[in-house]
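Note on naming: letters A, B, ... go to the chains in the order of the sequence lines (proteins, then strands), and numbering restarts at 1 for each one.
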Amino acid sequence: MDCGWQSHWSDSARFKLQPRRVAATTVATRVAEEMRCKVGEEVGYSIRFEDVTSAATRIKFLTDGMLLREALVDPLLSRYSVIMVDEAHERSLSTDILLGLLKKIRRKRPELRVVISSATLQAEDFLRFFAGDEVHSGGDGKESGSDVGRIISLEGRMYPVDILYLESPTEDYVERAVKTVFDIHTQEAEGDILVFLTGREEIESTVQMISERAAMLHPKAPALLPLPLYSGLTSEQQLYVFEPAPENTRKVIVSTNIAEASVTIDGIVYVVDCGFAKLRAYNPHTGIETLTAVPISKASATQRAGRAGRTKPGKCFRLYTQQSYEMLPETTVPEIQRSNLAPVVMQLKALGIDNVARFDFLTPPPAEQVIRALELLYSLGAVDDYAKLTKPLGLRMAELAVEPMMGKVLLSAPSFGCVSEILSIAAMVSLQGSVWVQHEGDRKATESARRKFAVEEGDHLTYLNVYQAFVTKGKKDPKWCRDHYLNYRSLLRAVSIRSQLKRYLERFGIQVDESLSSSHRQADLSKQPEQIRRCLTTGYFAHAARMQPDGTFKTVSGGLTLHAHPSSLMFNRKADWVIFHEILETGDKIFIRDITKIEKNWLLEYAPDYYRVS
DNA sequence: TGCGCTTTA
């Protein structure tokens, strides 16, 4: 969408937390306006929880994830004659799957037009990907080769940006970034500054340093207003970066990668780029994701610099030498090559692609990662000995909008009599840690608020407790949430996710008895926690660990030392065997998150093959 | 013992 049009609608798009979803709705609104119709008539949009289309709809804007869901019921996407894939150069997981799928569909539906919008750098790759197929299939009937595709260039409205490098490398880019900000402030013409750093901690301390030093500026000199920007902030906190700075004040936005592509801020004239970003990587041997700061790609550096040239000519200060720039990789490794592929493999199989290894990926993921994913799906019972999706379990798991392990838990729930509770837990876990609000400098208050909801057995039951309290006390009362340090918007989202998951289960013919979950059924409550913990074990047996006397955990094989994440109840409690939702390596420690106590023999009971005693 | 880059169904 970076082809000059964006400025028209970014005004409404930029304020929201979910840029992809927002882009679909605002673009639809804009195009409907141009076509003088109402949204939902000739022009509509479709995003999770919201389908604003009708029989009259001719142009539909949707997220790529939504289109993949549609392909589950309409494998040839036969209702569309033209499909345009936007922002393809970002190479998100779902974009890559979609491109492979579209290429496959075009073999059966050559009349389908595919338009791919991408930064120029990668346009050739996309053309080669699709054209390669035309040439190949045109081998016996040459005529189909007549339309192999074209590259059309649309020049964006961009002002020139001067790039400046360091003459010698810096030891400490945070310190250097602060210095650069003040150099710009005292020596350059007016205009706001955008600083790219890697994470929350770095950003908060930089903001702190800038405001301390800014206080020492001459009282009559222009002021500096440093503002943090990262996804962990609430949307209210994010809003500040879009507000115009007060009179005689220059804004300095200190941001993660979120400002590189997802969020656009007008008025930026100077960019300071540290040259690093935190990226996810996945180790198929250990199944552990890492999250570490790595050098960015040239494409990324170009994108960052471009943020300075949106309103007038700008400058980009790179906190590295031109020599180090030359050594950067051209592009960032696509997500599909650095992710846990279990959800991808499951999705492809549900789309009828059984031989995932032979699927035509734009860039294939490492074979090891595919094998690892298949092993997990097999142990969950989602695929059979022939790696085919099982019926109904595997098929249903693929249809559910949750990861395979949680999908298995949801589908096991009826036999443990805890469907309602598991629905709430699944919804809460999918919020990915945004249940509690972050209060810097107020850790103790957050801690004690959290303790009020704590349940002895662990984080999952604590989530259930929070969810039940929210729907009875806090749903209509944002203040109740603030008082308890709970994220109101996140919890509302949990309610939507839960009702969507419930609809899926009901479509599978699973009855959801909501009366069991209400607090007046005290009699059931004593047995219920154990059933829930057993049920969780049926999906998360591969994520089991045992606490050591020193409070750390060891994996079942004993090879790895794990630490309870400080946000977990188990951070300062005793336990024996546990299962956990997530495992992540940051810095030099491996953390586990969302932890619940279990009994060792449950592992053998629910995963006899996985934990076979020889 | 002390904390996660982003996005979506």
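A/E335 contributes no side-chain N or O that forms a donor-acceptor pair with the base of B/dT8 under 3.5 Å.
In this structure, A/T586 reaches the sugar-phosphate backbone alone: every heavy-atom distance under 4.0 Å involves primed, P, OP1 or OP2 atoms, never a base. If you check every strand for non-hydrogen atoms under 4.0 Å, A/Q500 touches nothing. As judged by a 4.0 angstrom heavy-atom cut-off over every strand, A/G199 is placed among residues touching the sugar-phosphate backbone only.
Legend: residues meeting side chain to side chain contact (heavy atoms under 4.5 Å, CB included) with A/A281, ordered by chain and number and at least two apart, are A/T290. Under the side chain to side chain contact (heavy atoms under 4.5 Å, CB included) criterion, A/Q369 pairs with A/Y282, A/P284, A/L341, A/P366, not counting sequence neighbours. A/E582 meets the side chain to side chain contact (heavy atoms under 4.5 Å, CB included) test with A/R593; sequence neighbours excluded. With sequence neighbours excluded, the residues satisfying side chain to side chain contact (heavy atoms under 4.5 Å, CB included) with A/M547 are A/F553, A/A575.
Per the stacking criterion (ring centres < 5.5 Å, plane angle < 30°), A/F571 stacks onto the base of B/dT1.
Atom CZ in A/R338 sits roughly 14 Å away from atom P in B/dC5 (whole-Å rounding).
Using a cutoff of 4.0 Å between basic side-chain nitrogens and carboxylate oxygens, A/D354 and A/K349 are scored as salt-bridged.
Contacts with DNA chain B (heavy atom under 4.0 Å) in residues 62-72 of chain A: A/T63, A/G65, A/M66, A/R69, listed by number.
Among pairs with a residue in residues 60-71 of chain A, those fulfilling salt bridge (Lys or Arg N to Asp or Glu O under 4.0 Å) read A/K60-A/E70, at least two apart in sequence or across chains.
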